[in-house]
2 protein chains.
Amino acid sequence: MISNSSKYAVKAVLYLAVNSSEDHKILAKDISTPTNIPKAYLSKVLQELSRHNIVSSVRGPGGGFYLSKENIKTPLMKIIQVMDGDNRLTSCMLSLQECDAEHPCPMHDLVGNTKVNFVKNLEENTVGDLVKDIKAGKSFLPL
Amino acid sequence: MISNSSKYAVKAVLYLAVNSSEDHKILAKDISTPTNIPKAYLSKVLQELSRHNIVSSVRGPGGGFYLSKENIKTPLMKIIQVMDGDNRLTSCMLSLQECDAEHPCPMHDLVGNTKVNFVKNLEENTVGDLVKDIKAGKSFLPL
DNA sequence: AGATTAAAAGACATTTTTATCCTTTATATG
DNA sequence: CATATAAAGGATAAAAATGTCTTTTAATCT
């Protein structure tokens, strides 16, 4: 569905959203351990996320990763786009060029609405929205 | 969403469903050309599909691939399961073990219903169902 | 300034996916 | 039976995804 890298990215961002702040930054290794994401690979993921302003980072002593107020407003879709590219979720199920509602491929209607809803949800919901659910006990990040 | 191999598989099966029959078998290379699937790779895909009774094949002169009456009843989900395994579409968005309706991960509800519907559609619809749509002009396989 | 800390960056290794090529086996036909 | 045909099977190659390691850069603190 989405790549491992995307899963790692979402997990790490949510972990930061729940546990970090501008004055409580978290080291890569301290995200790696509770999330079970290999440290070196996670570092690469965080680096990429940082480059796209999805997470914030500071080097040196007292440094680490955290989410700014801006970062928290990131739509989930952006995380997936950065890690997996634009096409993985949105492209035609058979990778045909001319596939749309008027000229659907054989799988289009089968998947069409549900996929569109899915992507819409990812675009409309931000990191902050998910954190609200976690804090309200509506969903769980087992760490 | 689904792998390239799955896309190739669905395309090839639909091509056979529309163009072949037990007394009009089609060679791998004659599927490869119109579908733009690399011949050698397609052969591997067809081999795998044949092994799982999703397509039928006969060797030697006059041989080739075709779909039997039974083959046409194959649910689309089976094709994807054979090529991509069981988990790609159905597993938790964050690959967490304990993620279900009662104990949802943060992305579960965001995607949950739409994903369940999607998989249900793939399970309920067969190759033959898609062919009906194609023949009725409701969808298009551009070949 | 020098030492230490931690992310950024680059190089490299492994695994999986995608793709190609060559040999073998089954089938049909002269 | 010999030959040609076409899928099955096996070996190999290239590309992408995943994972690791080392060096460099930026920041902090004596």
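Not measured: the values here are computed from a predicted model. Atoms considered below: every heavy atom in the structure, side chains included; atoms not considered: hydrogens, waters and symmetry mates. Just so we're on the same page: letters track the sequence lines, and every chain starts at 1.
Between the CG atom of B:Asn36 and the P atom of C:dT18 there is a distance of 17 Å, given to the nearest Å. Note: CD (A:Glu48) to C1' (D:dG19) measures 16 Å, nearest angstrom. Taking atom OH on B:Tyr41 and atom P on D:dA15, their separation rounds to 15 Å, with Å as the unit. Rounded to a whole Å, the CD1 atom of B:Ile37 is 10 Å from the P atom of C:dA19. For the pair A:His52 NE2 and C:dA8 C1', the computed distance is 15 Å after rounding to whole Å. The distance between atom CG of B:Asp23 and atom P of C:dA28, rounded to the nearest whole Å, is 14 Å.
Counted within 6.0 Å of CD on B:Glu22, heavy atoms from surrounding residues, nucleotides or ligands total 12 or fewer; the atom is thus considered open.
For A:His52, the ring-ring contact (aromatic ring centres under 6.0 Å, His included) test picks out no residue, with sequence neighbours left out. Taking B:Ser56 as the reference, B:Asn71 meet the side-chain hydrogen bond (donor to acceptor under 3.5 Å, both in side chains) condition, with sequence neighbours excluded. With sequence neighbours excluded, the residues that form a side-chain contact (heavy atoms from CB on, under 4.5 Å) with A:Ile134 are A:Val18, A:Ser139, A:Leu141, B:Pro106. Under the ring-ring contact (aromatic ring centres under 6.0 Å, His included) criterion, A:Tyr8 pairs with A:Tyr41, not counting sequence neighbours.
Where A:Asn4 and B:Pro61 meet DNA chain D, the nucleotide closest to each residue was compared, and B:Pro61 sits on the side nearer the 5' end.
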Identify all pairs in which a protein N or O lies below 3.5 Å from an N or O of nucleotides 7-11 of chain D, and state each distance.
| residue | atom | partner | partner atom | Å |
| --- | --- | --- | --- | --- |
| D:dA7 | OP1 | B:Ala28 | N | 3.2 |
| D:dA7 | O3' | B:Ser57 | OG | 3.3 |
| D:dA8 | OP1 | B:Ser50 | OG | 3.2 |
| D:dA8 | OP1 | B:Ser57 | OG | 2.7 |
| D:dA8 | O4' | B:Arg59 | NH1 | 3.0 |
| D:dG9 | OP2 | B:Arg51 | NH2 | 3.4 |
| D:dG9 | N7 | B:Lys44 | NZ | 3.2 |
| D:dG9 | N7 | B:Gln47 | OE1 | 3.2 |
| D:dG10 | N7 | B:Lys44 | NZ | 2.8 |
| D:dG10 | O6 | B:Lys44 | NZ | 2.6 |

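The phosphate of C:dA19 has OP1 or OP2 within less than 4.0 Å of a side-chain N or O from B:Tyr8.
By the 4.5 Å heavy-atom criterion applied to side chains, A:Val127 and A:Leu16 are not counted as neighbours.
Between the side chain of A:Asn117 and the backbone N or O of B:Thr114 there is no donor-acceptor pair closer than 3.5 Å.
Shown for residues 71-99 of chain A: no residue has heavy atoms falling under 4.0 angstrom of DNA chain C.
With respect to the salt-bridge test (charged N to carboxylate O, under 4.0 angstrom), the residues B:Lys120 and B:Glu123 do not qualify.
Considering NZ of A:Lys39 and CD1 of A:Ile31, their distance stands at 10.0 Å, rounded to 0.5 Å.
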